[in-house]
Each structure stands twice: as C-alpha cells, then as structure tokens.
Amino acid sequence: MQPFLGKTALEGGFPFLHLSTSCQTSSNFLQQAEQRKKPCFTRLFSVPAIGVRNCYTRQTGMRTTYLKNLEHDAFMIWVMCKGRDPSGLENRAKRMRLAPEIVSVISKATRYEDVKKLTEQIAKERYAAEEANINQAVIEYQKTWDVINDIFYREVVRITETSWRFPEYRVVLSPFHPGIANRGNNVVMRWIYERPDEQLRTTAHEILMIHLWELFDTILPGSKESRDGGPFWGLNEITATAILGLEPSLNELWSTDKKGYDQFLQNYPQLFERKEKLKEVYLDTQNFRDYLTRAVEWGG
C-alpha cells in the first residue's frame, strides 16, 4: 500500500465505537497518580471515552506517560500466566525469567487472590534488585519517546483514518514483561532491558495494537468475540508491524535495527505465511479500509 493520504476521521473516516472495560487493579496506582498531580482516571483500565470529533481535535495533546507500578506488575504476572500464549507457556516463563514450576502454579489459580501474595513477593524481590534500572528507564524512555510523540499519534490517525480513543496512553515499565497491550484500555507494559531508542518501536507497537483492537471491534464482524491467538489477534500483530515498518513517515522514527517489516514477529511462526501475504496486500491497496477488507477476505 502506498503511504496513506486518506480522509481523516472528521472527513468521513471510520465510525468509532466507545467501549467500556473494567479490570481489577490497585488503589495505590490512583494514589500515586494523585501525588504526581497528573490526570488520574477512575480506573487503570477504564477511562471515560471521548467522541471522535473531540478526540481528533485533541490530537496535538496526545501523550504517553511512562511509570512504574509494582502491584500492577504483580497482577499482570497472573494475567499472563493464565492467558493463552500463542508462543506457549514455557516460552512465556522464559521471557519473564520465572521458573516453569512457579508459572505452572500461578496459571492454575482461578482467582488472583489465591496467588496475590506469591506474585507480589516475586515482584518485590525483582523490583528490589532492579530498582535503579527501573527508575532510570522511566526517565530515559520518557525523554526518548517525547521526541517522536506528536508524529506517531498524528500519523496513525492519518493512516488508519480513525481517531485515538484516549488522550493518554500509559506505559508501565516492568522487569518481567517484554510487551503487553491491554485490549480495551489505555495501558501497555514494556520491559526495562532495552536502549532508550531501541524501546520506541515495540512501545509504539503495543500502543498501536490497542488502537487497532478498537477499530477491529467496531467494523470487523467476529472481532469482539475473538481471543488472543486467534485470526484477529494475528491480523492485529501483522497490521501493526506493517504500519510501523512499511509507512516511511513512521519507519524513519526507529533506530536502525528496528526499521522495516520482514524481521519482526519471528517468535510467532504460525504467522509467517499470513505475514508475507498481508505485506503484499498492504502495499497493493490504496487506503486502510481496502486493506482490512482484503486482509479479512484472505483470512487475515
């Protein structure tokens, strides 16, 4: 697909559906936000949605905020162990640097309360060892992101013809999770073991996946009912990779080793065939709506 020059959301782009999602989290997160005197949403995962027109007019005010939150990190250990990992639970344990037997115990808990003490103890031990690195990452990652912030948010709206649902996206930095996009909310997780410039592309990928889920769930039949590991998850991963790596205005934002398309998603061999096909589809279509239509027809 040639770089998109399609209509903006205000000029007749995609319709937009406001979704509401709630998820258990810690009240300490809200207290910390209040102490920082930054905008504090009523829930970590659920904020009042804003209309397309209003959202579009506020694009220049879009922001990404990096922070740390041990209790949320501990909660997400359980969520990720419980969830269906397309690359397998053993690989997830390896990425989080946790013993497989520990991950197995956590994965069997049907309620977070049953393993809360365990996951929080694991998190406290890791945070104590990595406190300096976490604090440094919050500062350096934020500084590096701020350079590309406005370009990223503006270009995604232009390319996808859809405004962002939230005015702020939060990045919780973690010594456990390489990257998590929490569907239906404004929070992603990124780990601390990357150069400040190196982390930009994956952080953008996770934020973009949230945006694409909103779009998919609005216009693609069956998307809302889909699960991680299914065809719409694969379409999201591949589409985010295409937007960030095949669009020159965004690809130029990344460090040399993070540019392009072909070398990404290597940890998902089940996506290889679709990834190659959808690259052709992406480069051959004239606008984002046409791309999605053809991607789904192909089996995206």
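Computed from a prediction, not measured in an experiment: that's the story for all the values here. Values below: every heavy atom of this structure, side chains too, minus hydrogens, waters and symmetry copies.
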| said: Within the structure provided, determine whether Met62 and Tyr169 are in side-chain contact (heavy-atom separation under 4.5 Å). | reply: yes

| said: Measuring only between side-chain heavy atoms, which start at C-beta, is Thr162 closer than 4.5 Å to Glu214? | reply: no

| Derivation and outcome, side chain to side chain contact (heavy atoms under 4.5 Å, CB included), residues Leu253 and Leu200 | CA-CA 8 Å; Leu253 301 178; Leu200 290 175; over 6 Å; no

| said: Could you check whether any side-chain heavy atom of Ile159 comes within less than 4.5 Å of a side-chain heavy atom of Leu250, counting everything from C-beta outward? | reply: yes

| field | Validation row, ring centre Tyr268 to ring centre Trp233 under 6.0 Å | value | yes

| message | Check whether Thr239 reaches the backbone of Asn236 with its side chain - one donor and one acceptor, N or O, closer than 3.5 Å. | response | no

| query | Any side-chain heavy-atom pair from Ser174 and Met76 closer than 4.5 angstrom? | reply | no

| Is it true that Asp114 and Lys108 have a side-chain N and a carboxylate O under 4.0 angstrom from each other? | no

| message | If the threshold is 4.0 Å, N to carboxylate O, is there a salt bridge linking Arg126 and Glu130? | response | no

| So, does Ser104 use its side chain to make a donor-acceptor pair with the main chain of Glu101 at under 3.5 Å? | no

| request: Taking all non-hydrogen atoms of both residues into account, name the closest pair between Arg195 and Ser255 and its distance. | output: NH2-OG, 3.7 Å

| note | For Ala93 and Pro100 the tightest heavy-atom approach is CB-CA, 4.3 Å

| From Asn149 atom CG to Arg63 atom CZ, the distance as rounded to the nearest 0.5 Å | 10.0 Å

| field | Approximate separation, where rounding is to 0.5 Å, of Trp78 CH2 and Arg111 CZ | value | 9.5 Å

| note | Here the pair of heavy atoms bringing Met209 nearest to Ala181 is CB-CB, 4.0 Å

| query | Is the side chain of Arg170 donor-acceptor paired with the backbone N or O of Val188 at a distance under 3.5 Å, no angle test? | reply | no

| said: Measuring from atom CG of Asp73 to atom CE of Met80, what distance do you get when rounded to the nearest 0.5 angstrom? | reply: 11.0 Å

| said: Would Lys143 pass as a cation-pi partner of Tyr66, given that its NZ or CZ must be under 6.0 Å from the six-membered ring centre and within 45 degrees of the axis? | reply: no

| query | Is there side-chain contact between Asn133 and Pro175, with at least one heavy-atom pair below 4.5 Å? | reply | no

| Do Trp145 and Thr64 get their side chains close enough for a donor-acceptor pair, meaning under 3.5 Å? | yes

| Trace of the side chain to side chain contact (heavy atoms under 4.5 Å, CB included) decision for Val103 with Arg92 | CA-CA 9 Å; Val103 171; Arg92 178 160 287 174; 5.8 Å; no

| field | Pairwise side-chain contact, Ile219 with Arg289, heavy-atom cut-off 4.5 Å (strictly under) | value | no

| query | Are side-chain heavy atoms of Gln266 and Phe272 found at a separation under 4.5 Å? | reply | yes

| field | Audit row: Glu131, Asn135, side chain to side chain contact (heavy atoms under 4.5 Å, CB included) steps and yes/no | value | CA-CA 6 Å; Glu131 181 177 11; Asn135 292 338; 3.6 Å; yes

| task | Starting from the C-alpha separation in whole Å, work towards a yes-or-no answer on salt bridge (Lys or Arg N to Asp or Glu O under 4.0 Å) for Lys258 and Asp197. | result | CA-CA 9 Å; Lys258 294 296 182 179; Asp197 63 328; over 6 Å; no

| query | Transitively linked via ILVMFWY side-chain contacts under 4.5 Å: Leu246 with Ile151? | reply | yes

| remark: Heavy-atom nearest pair, Leu271 first then Leu265, reads CD1-CD1, 4.4 Å

| So, for Gly179 and Arg190, which heavy atoms are closest and what is the spacing to 0.1 Å? | CA-CD, 4.3 Å

| Which atom of Glu206 lies closest to which atom of Ile180, heavy atoms considered | OE1-C, 3.5 Å

| message | Would you say that more than 12 heavy atoms from the other residues, nucleotides or ligands in this model lie under 6.0 Å from the CD of Glu273, or not? | response | no

| query | What distance separates Glu194 CD from Tyr141 OH, expressed to the nearest 0.5 Å? | reply | 5.0 Å

| Would Val147 and Ile139 show up in the same hydrophobic cluster when neighbours are defined by side-chain heavy atoms closer than 4.5 Å? | no

| task | Using modelled atom types only, decide if a donor and an acceptor are shared between the side chain of Lys275 and the backbone of Pro269 within a distance under 3.5 Å. | result | no

| Could you walk me through whether Ile148 and Trp254 pass the side chain to side chain contact (heavy atoms under 4.5 Å, CB included) check? | CA-CA 9 Å; Ile148 72 163; Trp254 322 127; 3.6 Å; yes

| request: Please work out which of the three classes, parallel, tilted or perpendicular, describes the rings of His72 and Phe75, given edges at 30° and 60°. | output: tilted

| task | Look at the aromatic rings of Trp213 and Phe216 and report parallel, tilted or perpendicular, splitting at 30° and 60°. | result | perpendicular

| field | Spacing of Ile243 atom CD1 and Leu208 atom CG [to the nearest 0.5 Å] | value | 4.5 Å

| task | Determine whether Asn251 and Arg201 make a side-chain contact, defined as any pair of heavy atoms from C-beta on separated by less than 4.5 Å. | result | yes

| query | Roughly how far apart are Asp262 CG and Glu276 CD, rounded to 0.5 Å? | reply | 5.5 Å

